[in-house]
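A quick write-up on the structure given underneath.
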Amino acid sequence: MSDDAVRAPWKTQPHVLMEFDLRQPGDFPRTYTVTLFIVEHDNGDLQKAFEELEKRVGPQIKAAAVAAAVAAGTAVGAAVGSAVPGIGTAVGAAVGALAGLAYDGVVKAIDDGLSDDVFTSIPVTLTVGNLSLLGQQPGVGTEQSLKVREHGADYDIIYDWNVVLAPAGQPPSDVVQALAAMGVDFSVPEADLRGWLANPDFTPYPAIAQALLAWRRRLKAPVFLDVIVWNYEHTPGVTSPRAVADVRPDVLKAAVLEGSNERHGTQATTIEQLFTP
């Protein structure tokens with residue numbers, strides 16, 4: 001859009017095109033891809049045009065997407081089964097294949113149904129190498145643009161990848177259970193711990209807890225979460241984190257290592273010594 005009267009309100013209330021849940025199980029790196037299908041409607045009422053589009057080509061799009069998803073799922077399943085690092089690349093390739101398989105049929109259906117200008121699909125991809133460093137990753141939280149020049153048109157598409165924390169509130173019981181499963185317990189009253197975990201604006205507990213869970217590793221001997229947080233926050237020059245992206249991996253590892261050695265009277269020197277095989 002080039003008209004500021006139309007574009008300006010979107011700056012404060014952008015349209016959410018696609019959402020991904022980073023908490024879903026799986027290894028990192030991961031690749032997230034959104035494929036843009038752009039149709040320029042030249043005449044008539046836009047709302048009616050989209051209703052007509054759904055009526056005429058909806059079934060064809062759904063059928064093509066389902067068929068492609070089945071094929072893509074096979075590739076993803078193979079990657080998961082072999083536990084090969086870099087599964088994000090495989091996922092991204094599968095999504096790209098989905099766009100390629102479905103595009104020809106979708107374009108033809110739109111052309112036949114509405115005779116509008118259909119532009120070449122544009123894949124927009126973000127590869128997340130480390131969840132705890134997501135906030136520092138290029139392309140996250142900054143405005144980006146795509147130039148589209150086709151059919152005599154010249155468009156700028158403005159977009160960004162935005163990270164949103166889960167809503168504040170009492171965390172589900174599986175958060176504490178998940179921490180316990182990896183060997184992280186607590187030495188404070190559970191009610192206090194749950195209160196801190198439910199308060200991402202004023203405590204570091206939610207951010208540090210999620211950063212720990214992102215390791216997807218199990219400790220040989222348990223370590224207190226409250227001690228980990230205390231060690232982390234008392235590290236010189238470190239700011240108390242309020243988001244997972246603010247948690248420094250090196251400081252977190254040192255905090256866990258110190259907490260484990262203090263509790264069990266050990267002298268481990270690396271975090272890897274604390275994990276089960």
Side-chain angles (χ1 to χ4, degrees), residues 14 16 18-30 32 88 126-142 160-219 221-260 262-263 271 274-276:
V16 179
M18 181 65 69
E19 294 181 337
F20 299 98
D21 188 349
L22 298 175
R23 299 168 297 179
Q24 293 295 319
D27 296 328
F28 285 86
R30 300 180 188 176
Y32 299 93
L126 177 71
T127 298
V128 179
N130 188 322
L131 182 61
S132 63
L133 298 178
L134 182 58
Q136 305 171 28
Q137 182 165 320
V140 174
T142 58
D160 73 323
W161 294 92
N162 185 39
V163 179
V164 179
L165 295 178
Q170 187 70 15
S173 60
D174 60 3
V175 173
V176 176
Q177 292 174 1
L179 288 168
M182 72 170 293
V184 176
D185 54 4
F186 47 91
S187 62
V188 297
E190 185 171 345
D192 291 344
L193 179 69
R194 289 182 178 275
W196 298 334
L197 286 170
N199 196 343
D201 294 328
F202 297 99
T203 80
Y205 278 81
I208 289 179
Q210 291 302 321
L212 288 169
L213 292 173
W215 286 356
R216 300 184 62 80
R217 302 287 297 277
R218 179 174 175 78
L219 298 167
V223 183
F224 295 131
L225 176 61
D226 45 293
V227 172
I228 295 172
V229 172
W230 195 95
N231 291 341
Y232 187 102
E233 290 204 290
H234 286 78
T235 301
V238 171
T239 301
S240 182
R242 294 295 180 266
V244 177
D246 298 331
V247 178
R248 288 177 48 181
D250 57 330
V251 178
L252 181 59
K253 291 177 182 178
V256 174
L257 189 63
E258 182 181 356
S260 180
E262 288 177 350
R263 181 172 176 178
I271 193 68
L274 305 184
F275 293 131
T276 59

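Thr235 contributes a side-chain N or O that, together with a main-chain N or O of Tyr232, makes up a donor-acceptor pair within less than 3.5 Å.
Inter-residue side-chain proximity for Lys253 and Trp215 is flagged as met; some heavy-atom pair is nearer than 4.5 Å. Val256 is listed as a side-chain neighbour of Ile271, based on a closest heavy-atom distance under 4.5 Å. Contact of the Val229 side chain with the Thr203 side chain is not registered, since no non-hydrogen atoms from C-beta on lie closer than 4.5 Å. You'll find the side chain of Asp226 reaches within 4.5 Å of the side chain of Tyr205, heavy atoms only. Between Leu252 and Ile228 there is a side-chain heavy-atom pair separated by less than 4.5 Å.
For the residue pair Ala211 and Val247, the shortest heavy atom distance occurs at CB-CG1, 3.9 Å. Smallest separation of non-hydrogen atoms from Gly183 and Leu219: O-CD1, 3.6 Å. In terms of heavy atoms, Trp230 sits closest to His234 at O-ND1, 2.8 Å. Heavy-atom minimum distance, Val238 versus Arg248: CG2-NH1, 3.9 Å. The heavy-atom pair separating Gly259 from Val227 by the smallest distance is CA-CG1, 4.0 Å. Across every non-hydrogen atom of Ala209 and Leu197, the tightest pair is CB-CD2, 3.8 Å.
The OG1 atom of Thr239 sits 8.5 Å away from atom CG of Asp246, with the distance rounded to the nearest 0.5 Å. The CZ atom of Arg242 sits 8.5 Å away from the CG atom of Asn199 when rounded to the nearest 0.5 Å. From Phe224, atom CZ reaches atom CD of Glu262 across 11.0 Å, with rounding to the nearest 0.5 Å.
A search for salt bridge (Lys or Arg N to Asp or Glu O under 4.0 Å) contacts involving Asp185 returns Arg263, not counting sequence neighbours. Scored by the side-chain hydrogen bond (donor to acceptor under 3.5 Å, both in side chains) test, Asp192 finds no partners at all (sequence neighbours excluded). Taking the side-chain hydrogen bond (donor to acceptor under 3.5 Å, both in side chains) definition, one finds that Thr276 meets it with nothing, sequence neighbours left out.
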